[in-house]
Amino acid sequence: MYYKDEFSKEFNEELEFHEYLSEVDERAKWFRIPSTEMEVLTVQGNNSICTPIEGEDTEKVLCDTAEHTGLLLKADGNVYQLGSTAITSLLGRARIGGSALSDIKKKALADILNECLKVAKGKALIRYFEGKVRAVLSGDDSDYAIMSMPEVFMVSSAYVNGDFQDVKFQKGFADHYSTTAVWEVGDEKLTKAYQELLTQYGKKADAKLRAAIRITTSDVGASGANIFYSLIEGGHTIILGEDLKVMHKNNKNCKGIEDFTTNMESVFEYYKEVLKKVTRLCDIQINYPANAMAGVMNKEGFGKKQIAETVESFKAAFGDQPCSAYEVYCGICEILYLAQKKGESGRKLLKLEEKISRCISKRWLDYDIPGEIKY
């Protein structure tokens, strides 16, 4: 059982990835309870009040809980241990928030939560997974929609392997926040679409260009079921904009796994749309590329050290001659290469990809200014 709050696992084989999803799904459960019937307790140093965990040493799991949240949840006639991923959604159910809550003592936090839960409205949808409660989501009929994670990735595998040529499972990644799979695709229709767009701007793409299709989803409210594209040119990655999302919402406009399946069926059409957004950067002329790069990255919230390393790497390779925003954006994408060299975790790399993708829509000319670069 993968009970530790800091658990993470990477997969190199597609079969191993699907076997993991099936294994943990068999041990997991969802259940609903009125929010007013929940009570938060603190870990008291022994497991006498905790509901025993089937197939696991409850005391050992409790040591991990004490090290992280230090909290338990009394619900549905049981006392469950609270995992780190559950805290954000539990605060949401109690309708409270703020950074100060992470600094107060566990007993005080439990008391605050319990006072707020007494007047909470509606039901809570609880996700119990690998020995702990991992999420306390909004559980009314029009709120959070459950999408089976094994089904999401089986649909993904079926469409990627069925619709494209030369498909390779690149990697999988799982922790208690989210699960991701990436397929690398060497399909002529994908590469040709990119090459044709670049040709319109007088640019060329590497003949060995490949595409990467990433699927990410979560059972704890950390993300929807998202489809994300990037291109691999040589050893470098170009992020192709923000992801195509299906949110976990129960309403007439969202049908969960049906909508995700529809999105998978239209992955090539979406790919062509995100390509257009990236190549439109070729129309934007940048006179001070290093300054523009630093300004865009700073606006998106990259760290000073990350910005400095990326800008200096770009300047070393291309100098500071005028170029298009496309070249500058490709330079920003190099931050992934730098992070991989440092051995950053899978989740940190995913967050970096999402940050990079949002740079495309920034007002580039606002940052194309002369002067000393400020990191």
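All values below come from the heavy atoms of this structure, side chains included, with hydrogens, waters and symmetry mates left out.
- Residues satisfying the salt bridge (charged side-chain N to carboxylate O under 4.0 Å, His left out) test with K171, not counting sequence neighbours, are none.
- Between F268 and Y271, the ring planes lie parallel to each other; the angle is under 30°, not in the 30° to 60° tilted range.
- Scored by the side-chain contact (heavy atoms from CB on, under 4.5 Å) test, E37 finds I33, P34 as partners (sequence neighbours excluded).
- Under the side chain to side chain donor-acceptor pair (under 3.5 Å) criterion, K105 pairs with no residue at all, not counting sequence neighbours.
- Not counting sequence neighbours, the partners of F7 by the ring-ring contact (aromatic ring centres under 6.0 Å, His included) test are Y2, H176.
- Among residues two or more places apart in sequence or in another chain, the ring-ring contact (aromatic ring centres under 6.0 Å, His included) test is passed with F17 by F11, F153, F169.
- Shown here are the side chain to side chain donor-acceptor pair (under 3.5 Å) partners of T217, two or more places apart in sequence or in another chain: there are none.
- Each ring-ring contact (aromatic ring centres under 6.0 Å, His included) pair with one or both residues in residues 273-294, not counting sequence neighbours, would appear here, but there are none.
- Every residue two or more places apart in sequence or in another chain that forms a ring-ring contact (aromatic ring centres under 6.0 Å, His included) with Y80 is listed here: F31, Y128.
- Panel note: side chain N287, backbone P322; no donor-acceptor pair is recorded below 3.5 Å.
- Other residues, nucleotides and ligands place more than 12 heavy atoms under 6.0 Å from the NZ atom of K189.
- Sorted by first then second residue, the salt bridge (Lys or Arg N to Asp or Glu O under 4.0 Å) pairs that include residues 65-77, not counting sequence neighbours, number zero.
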Original post:
Which is it for Q285 and S324 under the side-chain hydrogen bond (donor to acceptor under 3.5 Å, both in side chains) test, yes or no, and what are the steps along the way?
Top reply: CA-CA 4 Å; Q285 183 67 16; S324 73; over 6 Å; no
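- The list of ring-ring contact (aromatic ring centres under 6.0 Å, His included) pairs with a residue in residues 324-374, not counting sequence neighbours, reads H236-Y337.
- The side chain to side chain donor-acceptor pair (under 3.5 Å) test applied to R363 returns D366, not counting sequence neighbours.
- A side chain to side chain donor-acceptor pair (under 3.5 Å) with K132 is found for exactly one of T85, D64, T69, namely D64.
- Among residues two or more places apart in sequence or in another chain, the salt bridge (charged side-chain N to carboxylate O under 4.0 Å, His left out) test is passed with E273 by K276.
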